[in-house]
Amino acid sequence: MAGAVIQDARGDRSGAASGGDGTGTIRTFPFPVDLSLRGVGLQVGPMGTEHTWHAEAPLHRVHRIDFHVIMLFSEGPVRHMVDFAEYEAAAGDLLWIRPGQVHRFSRVDEYRGTVLTMQPGFLPRATVEAAGLYRYDLPPRLRPDPAQRAALASALAQLRREYEDTQTLPLSLHTAVLRHSLSAFLLRLAHLAARSAEATRRPGDTPFTLFREAVEKGFTANHSVSAYADALGYSRRTLVRAVRAATGETPKGFIDKRVVLEAKRLLAHTDLPIGRVGAAVGFPDAANFSKYFHLHTGQTPVLFRAELR
C-alpha cells in the first residue's frame, strides 16, 4: 500500500495541504464509494502497492479521512502516524483510524496484510454504540493475543469472502450479510479494546464520558474546567477524580491535549495564518496562542508547520 499508491498521490501535494480550493480549510477525503464492489459502504482486501483505499489521498503526507480504516498486519514493523503520535505495528497488530483523525503512511515501510475501510452510516446505531466506533479516547494500535488474533483474522476473512461474492445474492441481501459479518468483526475488536489497559471502563467513567463529549463540542471556545463542571452538574473535585481515573491526567490536561491536537491539525493541513489558527481553537490573540502552543509542544506554531512542509 506504499510505492505505487504514493506515486498516484504526488501530483496532488499542493492541493492537499491547502484544501485544494484556495480557502485554507482542511481537505477531508471521503469514502471512495466508486472503488467498492457493487457500491456498498465498505471495502476489504489485501494491502500492497497494487491496491489503494483512495487514489487521490497523499498517503505519505499528513491528511484526514471521513471514514474508518482498520489494518490487520501480516508483516512488520510498520511505523504509522495517527494524530501526530507515531505507532509501530508488528505482525498481528491492528491499527484503527477513525473519521476525522489525521494520519500519514510511512514512506519506507511495506504495508502487508488486510485493510478494511467503512463508510460512516453503514451500520445501525446500536452496533455503532456497542462497537465503540467513535471512541476517540481509545488507542489506534491494538495488540491481540494469539487466540484473539486468530478469531479476528477468521472474522475478517469471512467478511472479505462475503464482500467479494457479488453473484449469489441480490444487492439488498448482499448488503445485509455484509452488515452482519462486519458487526461480528467489529464487536470482537471492541471486546479487545475494552480489555486493554487504556480502555477498561471503571465506575468513574460516566462523568468522564459526559466531560469528554462536552470538551469535543466546546473546546474551540471553552478551556475552563470549572465551566465544564458547572455545565455538567458536577463539582470540580468529582470531575478531577473521574478524568484522572479514566485517563491518568487532569481535566485541564485533557482539554489542553484536545486543543493542541486541533491546532496541530490546522497548522499541518491548512494554510491559515497563525492568528486564524489560534482563533479557531479559542485564542483571539495570536501572541497568546503562540505562547500556549510553545508551552505544550516545545515548538512555536511557525516551526511546527515548517517541519511538516
Side-chain angles (χ1 to χ4, degrees), residues 1-9 32 35-37 42-55 57-63 65 67-99 101-118 131-133 135-164 178 181-200:
M1 187 183 269
V5 177
I6 289 175
Q7 291 173 6
D8 291 340
L35 298 180
S36 64
L37 297 180
L42 66 84
Q43 290 177 274
V44 58
M47 292 185 269
T49 56
E50 70 277 14
H51 294 276
T52 178
W53 52 263
H54 207 296
L59 302 184
H60 62 296
R61 301 195 65 190
V62 175
H63 62 284
I65 55 177
F67 51 96
H68 294 268
V69 174
I70 300 172
M71 293 180 276
L72 174 58
F73 293 91
S74 60
E75 299 179 19
V78 170
R79 286 163 293 278
H80 196 97
M81 188 276 283
V82 182
D83 276 344
F84 304 100
E86 201 80 18
Y87 295 90
E88 183 171 284
D93 288 353
L94 296 103
L95 273 179
W96 188 345
I97 304 157
R98 291 169 166 83
Q101 291 187 306
V102 295
H103 69 130
R104 180 182 60 213
F105 283 77
S106 169
R107 287 177 179 269
V108 296
D109 295 334
E110 289 293 328
Y111 287 72
R112 291 287 181 260
T114 303
V115 59
L116 162 69
T117 60
M118 183 188 69
L133 261 62
R135 286 284 306 277
Y136 289 92
D137 57 308
L138 299 182
R141 185 187 62 197
L142 296 170
R143 288 190 154 159
D145 63 31
Q148 292 169 330
R149 187 182 310 133
L152 284 164
S154 176
L156 190 58
Q158 176 63 27
L159 174 61
R160 182 179 172 184
R161 284 191 293 271
E162 296 292 356
Y163 172 72
E164 294 176 346
L178 287 178
S181 297
L182 177 61
S183 296
F185 172 73
L186 290 177
L187 289 170
R188 285 189 176 277
L189 201 60
H191 178 66
L192 170 62
R195 294 190 62 180
S196 69
E198 301 88 347
T200 301

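Heads up: numbering here begins at 1 and tracks the sequence.
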Note, [X] side chain near [Y] side chain (heavy atom, < 4.5 Å):
X: R98; Y: I65; value: no
X: L152; Y: L192; value: yes
X: V78; Y: E110; value: no
X: I70; Y: V115; value: no

With side chain to side chain contact (heavy atoms under 4.5 Å, CB included) as the criterion, how do F67 and M118 come out once you've worked through the C-alpha distance, each side chain's angles and the decisive distance to 0.1 Å? CA-CA 6 Å; F67 51 96; M118 183 188 69; over 6 Å; no

What heavy-atom pair brings [X] and [Y] nearest, and what distance separates the two atoms?
X: E162; Y: S181; result: CG-OG, 3.8 Å
X: A91; Y: S74; result: CB-O, 3.5 Å
X: L159; Y: V44; result: O-CG1, 4.2 Å
X: V102; Y: F84; result: CG2-CE1, 3.6 Å
X: L142; Y: P139; result: CD2-O, 4.3 Å
X: P140; Y: Y87; result: CD-OH, 3.2 Å

Apply side chain to side chain donor-acceptor pair (under 3.5 Å) to R160 and list each qualifying residue two or more places apart in sequence or on a separate chain.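 With sequence neighbours excluded, R160 shows a side chain to side chain donor-acceptor pair (under 3.5 Å) to E164, given in chain and number order.
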
Test of understanding: with side chain to side chain donor-acceptor pair (under 3.5 Å), list the residues that count as partners of D83, not counting sequence neighbours.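 For D83, the residues satisfying side chain to side chain donor-acceptor pair (under 3.5 Å) (neighbours in sequence not counted) are Q101, R265.
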
Over 60° means perpendicular and under 30° means parallel, so classify the ring planes of H80 and F105, tilted if in between.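 Aromatic pair F105/H80 classed perpendicular.
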
Please name all residues satisfying side chain to side chain contact (heavy atoms under 4.5 Å, CB included) with [X], sequence neighbours left out, ordered by chain then number.
X: R161; answer: A157, Q158
X: A131; answer: L133, L186, L187, A190
X: L72; answer: L94, A153, L156

Of all pairs that satisfy side-chain hydrogen bond (donor to acceptor under 3.5 Å, both in side chains), the ones with a partner from residues 147-157, not counting sequence neighbours: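 Qualifying pairs: none.
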
Qualifying residues under ring pair (Phe, Tyr, Trp, His ring centres under 6.0 Å), relative to F73, sequence neighbours excluded: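 In terms of ring pair (Phe, Tyr, Trp, His ring centres under 6.0 Å), with neighbours along the sequence ignored, F73 is linked to no residue.
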
Verify, without hydrogens or angle tests, whether [X] (side chain) and [Y] (backbone) share a donor-acceptor contact under 3.5 angstrom.
X: D93; Y: A90; value: yes
X: Y111; Y: G76; value: no
X: Y163; Y: L37; value: yes

Who pairs with E88 by salt bridge (Lys or Arg N to Asp or Glu O under 4.0 Å), at least two apart in sequence or on another chain?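 With neighbours one apart ignored, the set is R79.
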
Assess whether side chain to side chain contact (heavy atoms under 4.5 Å, CB included) is satisfied between M81 and E86, documenting all intermediate values. CA-CA 4 Å; M81 188 276 283; E86 201 80 18; 3.7 Å; yes

